[in-house]
Structures are given as structure tokens and as C-alpha cells.
Amino acid sequence: MKRLLIAASAFALAAGAAQAGVTEEDLARDAEVTTSVLTNGMGRGLQRYSPLEIINKKNVKNLVPAWAFSFGGEKQRGQEAQPLVHDGIMYVTASYSRLYAIDVKTGEEIWQYDARLPEGILPCCDVVNRGAAIYGDNIYFGTLDAKIVALDLKTGKVKWRKKIANYKEGYSYTAAPLIVKGLVITGNSGGEFGIVGEVQARDAETGELVWTRPVIEGHMGTYKGKPSTMTGTLNATWPGDMWKTGGGATWLGGSYDADTDTIVFGAGNPAPWNSWLRAAGNPKGTEGDNLYAASRLGLDPATGEIKWHFQTTPREGWDYDGVNEVVPFVDGEGKKRFATADRNGFFYVLNREDGKYVRSMPFVKDITWAKGIDENGRPIFNEENRPGNPLEADGKKGEVVFAAPSFLGGKNWMPMAHSPKTGLFYVPSNEWGMDIWNEPITYKKGAAYLGAGFTIKPLYDDHIGSLKAIDPTSMKVVWEYKNNAPLWGGVMTTAGGLVFMGTPEGYLKAFDADTGEELWKFQTGSGIVGQPITWEMDGEQYVAVTSGWGGAVPLWGGEVAKKVNYLNQGGSVWVFKLPRQLASAD
């Protein structure tokens with residue numbers, strides 16, 4: 001249910017004189033303009049870096065709350081959102097497909113929008129929402145019933161609402177939209193239900209569909225209402241009709257590289273998990289690669305045509321999604337590259353022009369499913385660590401193997417950050433493994449389509465979570481911060497030499513970007529799985545993060561979930577700043 005708390009005239013008084021609508025140029029400069037945060041990732045390249053240094057290594061110890069805002073009610077669960085800040089207003093999404101507009105000076109609510117979610121939605125991994133997007137005079141966000149909604153920035157009134165896919169078939173939507181050149185670009189969620197991953201682009205003003213790009217071979221894309229081109233080649237890497245329910249959900253959204261005019265989306269795990277069913281009769285050859293699942297795809301933002309692809313885990317069999325964000329950066333040799341930290345435990349550097357493999361490294365320990373990565377970027381499989389074939393067990397459970405990382409990944413959805421100042425990537429990771437086995441499975445619309453069972457287990461007694469600073473040129477871990485519970489929230493870094501990250505134990509923490517030394521922490525009252533941001537207002541620097549424990553870990557974590565079952569749920573956003581008299585304190 002939607003409710004407006006003040007009229008548009010009162011909004012104008014609270015927010016000040018309205019500015020012109022947000023333009024493409026504003027979005028392009030978001031990473032360098034410090035007075036607003038207009039995009040997911042604090043810039044469409046998702047570096048999550050701020051040039052602000054008012055808060056720095058010397059004075060961060062003095063950071064205190066400016067205000068806190070509760071999402072209210074009983075709708076808590078996981079709060080994974082990244083707030084946006086524009087024209088004196090913070091816009092933040094919350095669990096169960098809610099969106100709030102908050103006066104950024106006072107923390108007072110201006111308006112709230114609650115999506116009317118139907119019965120029977122099928123989110124696999126909690127009722128989260130990861131953020132919104134601003135363009136023109138609208139704000140856009142997705143809902144758990146697989147819709148995209150455009151709201152008026154001032155009033156919260158619905159401008160348009162469009163269906164991405166049919167939620168009854170297992171589709172949902174949780175990511176922040178990406179806006180490029182007047183197009184609202186979205187993915188989809190639902191990879192455990194035999195859906196088909198797809199990227200869609202809509203006219204930002206009208207919501208009308210401009211193009212679609214399915215990411216599984218054999219499906220036809222569209223452009224302006226007509227068929228465009230087929231994705232890949234029918235049955236090139238998929239047996240029979242399995243491509244029709246092939247998975248590859250594009251559930252984390254995408255990034256944009258302006259230098260090459262390319263949007264980059266990741267495609268999730270193939271469906272079902274049982275890789276023996278998808279091997280096309282050749283379990284050790286490329287015929288069973290199942291393109292373009294577990295891949296990164298470079299797309300033309302104007303048409304949706306595929307420019308290039310890089311598959312991180314061909315013939316995937318452990319639920320190692322390939323959705324993790326792809327971040328454009330310049331390496332230590334001055335070359336334009338992409339970086340991505342995959343769920344499979346390897347950190348990759350790719351060429352920005354064509355997505356070709358440059359180099360990689362394991363960023364978690366004890367990887368068992370592969371011996372390494374070859375010169376072409378293809379994994380060197382440990383075949384004995386692939387879950388067993390149920391057909392060889394008379395149709396019963398296949399051989400159980402212990403695999404690391406677990407299916408929740410060396411890195412899951414939680415975004416990393418990159419500092420052009422230090423040259424490092426700050427990667428939230430987890431050290432865990434799993435018992436995993438395959439089971440017989442047949443597809444049924446709207447039902448779980450796994451064909452596997454699993455139990456996640458910690459690898460070490462002293463930690464699961466690990467924040468790692470990685471040099472993408474030398475491919476070395478420069479420092480590591482170990483955390484008892486799994487890390488499940490995003491990272492931000494600043495020119496002040498700081499790295500901010502939340503923990504499930506409830507702390508927002510600040511680290512020295514060069515050494516990893518913990519410099520400050522604050523207890524928010526619930527586990528943090530959100531994404532920190534920072535901005536400048538009236539000469540002061542602010543930091544904000546959502547707090548509210550949830551996400552996939554307590555739902556799917558097995559023995560790990562039991563280890564953290566004491567953590568409290570919540571639902572709030574916290575904003576911090578330096579007291580004026582201490583802003584320059586050593």
C-alpha cells in the first residue's frame with residue numbers, strides 16, 4: 001500500500017527549490033560529483049569510490065551518527081539496498097519492495113511507496129531489494145513480482161509500471177536498474193526455477209520496451225517489438241531442449257563502460273544444477289559448456305546485441321553464478337581493464353575492448369573444483385570433485401563430494417570497491433565449503449529446478465568472512481581482514497584513505513585502505529548487508545548504510561546459518577558525520 005506523507009508543495013519547502021531533472025551527463029559524472037549519489041555503485045562503472053577526503057584516516061575515529069531512520073512495521077528481513085542522494089533527499093529501498101524518500105538534513109520521511117505484492121511470489125534468497133535509479137524527474141526500482149516501476153521524485157506517484165516477466169513461473173527482480181542514454185536497463189531473478197536470464201531496455205519516459213537480450217543460446221532477442229538476432233547458436237552447447245529452461249538469471253544488474261560504450265551483465269548458473277544432464281553427451285568437451293550461463297556479456301546499449309562474452313565456469317556444476325559485477329579500471333601498467341571477482345573463487349582481469357582474458361588469481365583459499373585457470377581463462381577442472389552422476393547410482397543420489405568454495409561463493413552478490421588512488425580492489429569474500437550431490441530432476445513450471453542437495457560448512461574455526469585488498473596488476477593479496485561471521489554487504493572506499501564495510505555482527509567499520517587496520521566502528525543494532533555511500537553537504541561529508549540482517553545466509557547457510565542464528569533482524573538506515581569542532585582533529 002502506498003501512502004503520501006506530505007504534499008508536493010511541502011516537499012518543495014523541505015528540499016529547497018527544485019533542480020532540473022537528472023540528465024545523462026549527470027549520470028556520467030556521478031563518480032566525480034561529491035554532492036549527490038545518483039547511481040548504484042556511486043558511478044555506473046561500480047567502482048564505489050569517492051574523491052572526498054574530509055573524513056580521513058586521522059579523524060574517522062570521531063565519526064558519530066547524524067540521524068537514523070526506521071523502515072518500520074514487521075517487514076524487516078534483509079536490507080541490501082544502496083541509498084541514493086539527490087537535491088536534499090535520500091531515496092532508499094527496503095525489503096518487500098518498498099521505497100522511501102527522506103529529508104537528508106533531518107531524517108524525516110517525505111513519502112513512502114509500498115508495492116502491492118501478490119500472493120505466491122517466489123524469491124529464492126530473501127525478500128531483498130538492492131536499490132533504485134534516478135533519471136529525469138523519476139526514480140525507478142524493481143519489485144519482487146518481476147515488475148519495474150517509475151515514480152515521481154517529488155510525490156512518489158506512479159508514472160508507469162511494467163512487467164519484466166511472469167512471477168508465477170519463478171521470476172522476480174531485486175537489482176538496482178541501470179540507466180544509459182535514456183534507457184532503463186534491467187535483468188531478472190529466479191535462477192533456481194528454470195527461468196531464462198534476460199536483459200531488457202525500456203524508454204525511461206514511457207516504459208515501452210526497446211530491446212531484449214536473452215542470455216541462453218537458442219533464444220531470440222527483440223528490437224522495437226520485432227525479432228532481432230538469436231543468442232548464440234541453437235544446440236551448440238546445450239543438449240536437446242534444455243536451453244528452453246536453461247537458467248542464467250541476470251539478477252545482479254550491470255555496469256556501464258563509457259570508454260567502449262558497453263554495458264556488461266553477468267549471467268547466473270545454468271539450470272538445473274546437475275551438470276550431467278547438460279553435458280550434451282560429452283562431459284569433458286566444450287559441447288557441454290552451456291553458454292551463456294555463468295558468463296559475463298558485453299552488450300551494445302542501443303540494440304542489446306552481444307559484443308563479446310567471457311565464461312568463468314563452463315559446464316558449471318556447483319552453482320557458481322557468473323553474475324558478479326564487472327568494474328572498468330586502469331591497471332598499474334596504464335591499460336584499460338575490467339575486473340571481476342567470481343563466485344567460483346577466482347579474480348579475473350579482462351581486456352575492456354573485447355572482454356578477452358588477461359590474468360586471474362584465486363582470492364579464496366582451498367579451492368577444490370579446479371586446479372587453476374589456463375592461458376585462455378578456462379578452468380582446469382578437478383573432475384573427481386564434480387558431484388556424481390545419479391544415473392550411475394540407479395537414479396538415486398549421486399556421489400557426494402566436498403567442494404570449496406560453497407555454492408554461496410567465494411564472493412556472492414556483495415559488491416567490491418576499487419580505489420584509483422591505491423590501485424587496489426577491496427573484495428568481500430567468504431571462506432567456506434560444502435557437501436554437494438546431484439539428484440534426479442525434471443522441470444515443472446514455477447517449481448524449484450535444482451537437481452542437487454548441499455550442506456554448507458565453515459573451513460576455519462576463527463573466521464568465515466574475509467575482506468581482501470587485491471592488487472590487480474601483481475595479482476597479490478596486499479592485506480586481509482578476517483571476520484567471524486560471513487560477509488554479505490558491500491564495500492566503499494574514499495580518497496581519504498578509507499574503506500567502509502558492514503558486518504553481520506552489526507558494525508559499520510572503517511579500515512585503513514593501505515594497511516587494513518581497523519580505525520573505527522559503530523554498532524547499528526542489526527546485521528549489515530547493505531551498501532555504504534558517502535556525499536558532501538554544506539561543507540560536511542556524510543556516510544550512510546542500511547542495517548538489517550538477512551539475505552541468503554540464514555536461509556541457505558546450513559551449518560554456517562546455525563553459527564549465526566543469534567543475529568537480530570532489523571530495518572533502518574544510519575547516517576554519520578564528523579562533529580564540526582572535530583572535523584580537523586588528529
Side-chain angles (χ1 to χ4, degrees), residues 37-42 46 48 50 63 65-86 89-104 107-110 112-115 125-134 139 141-144 174-176 252-253 412-415 417 428 485-492 500-510 521-535 542-554 567-577:
V37 179
L38 301 177
T39 62
N40 178 56
M42 299 169 57
L46 309 188
R48 300 182 183 274
S50 171
L63 208 58
W67 53 263
F69 176 87
S70 172
F71 297 137
E74 297 178 357
K75 294 181 176 180
Q76 296 181 343
R77 304 285 289 272
Q79 309 298 342
E80 294 185 355
Q82 181 212 286
L84 302 176
V85 175
H86 171 59
I89 305 298
M90 175 183 286
Y91 300 92
V92 59
T93 62
S95 56
Y96 293 96
S97 306
R98 295 172 289 166
L99 175 61
Y100 296 83
I102 306 166
D103 187 307
V104 82
E108 295 179 2
E109 183 175 308
I110 295 170
Q112 174 184 343
Y113 175 85
D114 289 355
C125 307
D126 207 358
V127 288
V128 302
N129 188 284
R130 298 188 176 94
I134 297 174
I139 185 163
F141 87 117
T143 60
L144 287 167
T174 57
L252 197 52
N412 200 278
W413 81 275
M414 54 278 194
L487 297 179
W488 208 254
V491 180
M492 174 187 71
F500 288 88
M501 179 193 70
T503 72
E505 292 90 343
Y507 289 101
L508 179 63
K509 295 190 174 186
K521 66 180 180 179
F522 180 86
Q523 174 58 246
T524 64
S526 182
I528 296 177
V529 293
Q531 308 166 58
I533 62 166
T534 190
W535 74 97
Y542 291 77
V543 174
V545 71
T546 55
S547 172
W549 172 240
V553 175
L567 297 172
N568 294 319
Q569 287 192 342
S572 59
V573 58
W574 286 83
V575 176
F576 303 87
K577 70 172 186 175

Query raised in the report: Any side-chain heavy atom of T546 within less than 4.5 Å of one from Q531?
Result: no
Report summary line: S50 and T534 have their tightest heavy-atom pair at CB-CG2, 3.3 Å
Query raised in the report: Mind checking what makes side-chain contact (heavy atoms from CB on, under 4.5 Å) contact with S526, not counting sequence neighbours?
Result: S547, W549
Query raised in the report: Can you check whether L99 reaches Q112 side chain to side chain, under 4.5 Å on heavy atoms?
Result: no
Report summary line: The residue among T93, T174, T143 that forms side chain to side chain donor-acceptor pair (under 3.5 Å) with N129 is T93
Report task. Please round to the nearest 0.5 Å and tell me the distance separating atom CG of L84 and atom CD1 of I134. Result -> 4.5 Å
Query raised in the report: Would a 4.5 Å heavy-atom cut-off, applied to side chains only, mark I110 and I102 as touching?
Result: no
Requested in this report: Report the C-alpha distance between I533 and V543 in whole Å, list the side-chain angles of each, state the deciding distance to 0.1 Å, and finish with yes or no for side-chain contact (heavy atoms from CB on, under 4.5 Å).
Outcome: CA-CA 6 Å; I533 62 166; V543 174; over 6 Å; no
Report task. Could I get the full list of ring-ring contact (aromatic ring centres under 6.0 Å, His included) partners for F576, not counting sequence neighbours? Result -> W520, F522
Query raised in the report: Given side chains that start at C-beta, do those of W574 and P65 come closer than 4.5 Å, heavy atoms only?
Result: yes
Query raised in the report: Could you go step by step and tell me if D103 and F69 meet the side-chain contact (heavy atoms from CB on, under 4.5 Å) rule?
Result: CA-CA 10 Å; D103 187 307; F69 176 87; over 6 Å; no
Report summary line: Closest non-hydrogen contact found for A132 with F141 is CB-CB, 3.9 Å
**Report entry** Residues forming a salt bridge (Lys or Arg N to Asp or Glu O under 4.0 Å) with K521, sequence neighbours excluded
**Finding:** none
Query raised in the report: Do W67 side-chain atoms and V104 backbone N/O form a donor-acceptor pair below 3.5 Å?
Result: yes
Query raised in the report: Quick one: does S95's side chain have a donor or acceptor within less than 3.5 Å of a partner on G78's backbone?
Result: no
Query - Min side-chain heavy-atom separation F500-K509 under 4.5 Å - result: no
Report task. With sequence neighbours excluded, tell me which residues meet ring-ring contact (aromatic ring centres under 6.0 Å, His included) with Y507. Result -> none
Query raised in the report: Does the side chain of V545 reach to within under 4.5 Å of the side chain of I528, using non-hydrogen atoms?
Result: yes
Query raised in the report: For G548, does its backbone N or O pair with a side-chain atom of Q569 as donor and acceptor, under 3.5 Å?
Result: no
Query raised in the report: After noting the C-alpha distance and the side-chain angles of Y100 and Y91, does the key distance pass the side-chain contact (heavy atoms from CB on, under 4.5 Å) rule?
Result: CA-CA 6 Å; Y100 296 83; Y91 300 92; over 6 Å; no
Report task. Can you see which heavy atom on A175 is nearest to which on G253, and at what distance? Result -> CB-N, 3.7 Å
**Report entry** G525 to N568 - nearest heavy-atom pair and separation
**Finding:** O-CB, 4.3 Å
Report task. Could you check if a side-chain atom of V128 sits within less than 4.5 angstrom of a side-chain atom of R77, using non-hydrogen atoms only? Result -> no
Query raised in the report: If every non-hydrogen atom of P532 is compared with every non-hydrogen atom of L508, which pair is closest and at what distance?
Result: CG-CD1, 4.3 Å
Query - Step-by-step side-chain contact (heavy atoms from CB on, under 4.5 Å) determination, M501 to M492 - result: CA-CA 7 Å; M501 179 193 70; M492 174 187 71; over 6 Å; no
Query raised in the report: Are V575 and M90 side-chain neighbours, meaning at least one heavy-atom pair lies under 4.5 Å?
Result: yes
Report task. Applying salt bridge (Lys or Arg N to Asp or Glu O under 4.0 Å), name anything that partners R130, two or more places apart in sequence or on another chain. Result -> E80
Query raised in the report: With sequence neighbours left out, what residues match N412 under side-chain contact (heavy atoms from CB on, under 4.5 Å)?
Result: W251, R343, L408, M414, W488
Query raised in the report: Between G502 and L487, which heavy-atom pair has the shortest distance, and what is it?
Result: O-CD2, 4.4 Å
